[in-house]
Amino acid sequence: MKNLRILSCLFFCATVWHANAVETSGKLLLTGGVTQIEGAGGGGLTPWAFIGGYGTRDQVGASAYYTNVVISDYHLESTGALIGVYDRVEFSFARLTFDTQKIGALLGLGEDYKIKQYVYGLKVKIFGDGVLDQSSWVPQVAIGAQYKKNQEGDVVRSVGADDDAGIDYYVSATKIFLAQSLLVNTTLRRTKANQLGILGFGGDQEASHTFQFEGSLGYLLNRQLAVGVEHRLKPDNLKVAEEKDWSDIFIAWAPTKNLSLTAAYTVLGNIVLRDDQSGFYTSLQLGF
Amino acid sequence: MLFPTLFVLLLSGQTFAADLSAFKAFGEKAGLVKVVDDLMINLLADKRTKPFFEKADQVRIKEKLVEQFCVELEGPCTYTGQTMKRSHKGHDINTAHFYALVEALQLAMAKNEIPERAQNKLLAKLAPMHKDIVNK
């Protein structure tokens with residue numbers, strides 16, 4: 001809770017700063033991205049090289065979000081906020097709550113047992129402008145890190161994980177090909193997180209970090225509306241369950257710079273004891 | 001693999017001969033005049049861009065913008081105005097001002113029901129000009 005307070009305070013302070021007539025929200029609609037499941041500015045599953053929020057290189061932007069993923073046998077909620085400083089650095093925080101529902105009882109944890117995890121994110125834009133540099137093929141490139149702390153150390157160790165904390169490192173390259181109305185993102189992540197870290201880090205099958213590829217492809221229907229697909233490769237560190245790649249098909253709508261809504265159908269594969277997990281992802285984001 | 005295939009498609013989608021489809025989608029020169037008229041109305045209504053245009057020679061700016069947009073859409077026009085660098089010299093223009101103009105243009109194109117793909121084709125040609133326009 002302390003973390004959430006810090007973040008909501010930061011968001012509140014940024015909002016007050018915003019309200020005090022300092023110019024902000026300079027970027028174009030949707031070019032701040034939405035917020036991915038671990039709190040970084042991006043698509044739904046994967047971070048983008050774009051800095052979250054609508055601040056230009058002279059401005060500060062911020063956003064807060066709530067994401068709800070209801071799949072066949074589980075329920076995942078993610079909530080958090082981010083601040084984008086001078087379109088260069090992004091600080092983010094996310095709290096993930098994974099509800100085991102009936103599977104909790106089968107695992108001896110009790111029905112509706114919830115696993116919580118905090119994610120602290122940092123992203124830095126290295127070069128490029130994925131929106132404006134339309135005369136070259138050079139994408140916008142950013143590097144980032146996500147420090148993840150699972151709150152259920154005993155539980156994740158009992159399923160075979162080595163640790164309850166870990167750091168993901170990633171590099172993202174993102175570009176809007178405006179003449180084709182396309183957005184292309186590729187992310188390479190170095191991680192040992194099991195199911196985002198909800199099942200801990202490393203495991204009895206693979207203890208070390210591995211490189212995983214993630215991609216997003218979006219089509220800009222108009223300046224407020226985009227549709228697309230995402231795919232995220234995952235490590236497979238635990239003997240107890242085979243971790244599968246994740247994918248989704250999404251629609252994102254930003255009627256104003258202060259509000260965006262994302263809906264997706266997502267396919268997550270096996271998650272402990274249950275195969276073929278799929279369902280609906282919805283996300284609400286407020287910001288500037 | 002999905003991504004390499006798409007990149008190849010993107011590359012092969014680049015045309016080399018004059019492609020008048022976007023120019024026609026704008027309604028040719030008459031259509032561009034309407035869009036630019038609405039663009040100027042939007043620029044004067046937005047407090048971020050108003051200071052740059054309210055005291056300027058709006059008729060001349062509109063005329064040059066129509067020429068420029070026409071050329072960028074590969075239409076049969078000649079641009080007779082100054083370079084982007086020269087015409088924006090002395091104005092403190094930041095990235096937010098540049099984006100504000102893009103928004104004003106997007107709204108003007110939407111009002112004139114220009115198809116999205118044609119809109120984005122024009123924006124893709126104009127976007128790189130930020131290097132010569134943004135000077136702050």
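A, B, ... follow the sequence lines: proteins, then strands. Residue 1 opens every chain. What you are looking at is a predicted structure, and each value in this text was computed from that prediction instead of being measured.
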- Item | Close side-chain approach of A/Arg57 to B/Val134, heavy-atom, < 4.5 Å | yes

- Message: Within a 6.0 Å radius of atom NZ on B/Lys34, are there more than 12 heavy atoms belonging to other residues, nucleotides or ligands?
- Response: no

- Message: Let me confirm one number: the CZ-CD distance from B/Arg48 to A/Glu23, rounded to the nearest 0.5 Å.
- Response: 8.0 Å

- Query: Do NZ/NE/NH1/NH2 and the carboxylate oxygens of A/Asp58 and B/Lys136 come within less than 4.0 Å?
  - Reply: no

- chain A interface, residue from B/His97, B/Lys121, B/Glu116 that has the most non-hydrogen pairs under 4.5 Å: B/Glu116

- Inspect the surroundings of CD1 in A/Ile249 and state if more than 12 heavy atoms from other residues, nucleotides or ligands are less than 6.0 Å away. no

- Message: Does B/Glu103 form a salt bridge (Lys or Arg N to Asp or Glu O under 4.0 Å) with A/Lys27? I'd like the steps, not just the answer.
- Response: CA-CA 9 Å; B/Glu103 286 175 4; A/Lys27 279 198 247 176; over 6 Å; no

- Got a second to check how far B/Tyr99's OH is from A/Leu29's CG, nearest 0.5 Å? 12.0 Å

- Residue B/Lys62 excluded, over 12 heavy atoms near NZ under 6.0 Å: yes

- Query: So how far is it from B/Leu123 CG to A/Ser181 OG, rounded to the nearest 0.5 Å?
  - Reply: 9.5 Å

- Is there side-chain contact between A/Gln180 and B/Asn120, with heavy atoms separated by less than 4.5 Å? no

- Message: I need the residue from A/Val131, A/Leu28, A/Asn222 with the largest number of non-hydrogen atom pairs under 4.5 Å to chain B.
- Response: A/Leu28

- Does CD belonging to B/Glu113 count more than 12 external heavy atoms closer than 6.0 Å? no

- Gap separating the CD atom of A/Gln59 from the CG atom of B/Asn94, nearest 0.5 angstrom: 7.0 Å

- Message: As an exercise, state the distance from CD1 of B/Ile133 to CG of A/Leu132, rounded to the nearest 0.5 Å.
- Response: 10.5 Å

- Task: Measure distances from A/Leu221 to the heavy atoms of chain B and classify the residue's part below 4.5 Å as side chain, backbone, both or neither.
- Result: backbone

- So how far is it from A/Leu220 CG to B/Gln119 CD, rounded to the nearest 0.5 Å? 11.5 Å

- Looking just at side-chain N and O atoms, do A/Asp129 and B/His130 make a donor-acceptor pair shorter than 3.5 Å? no

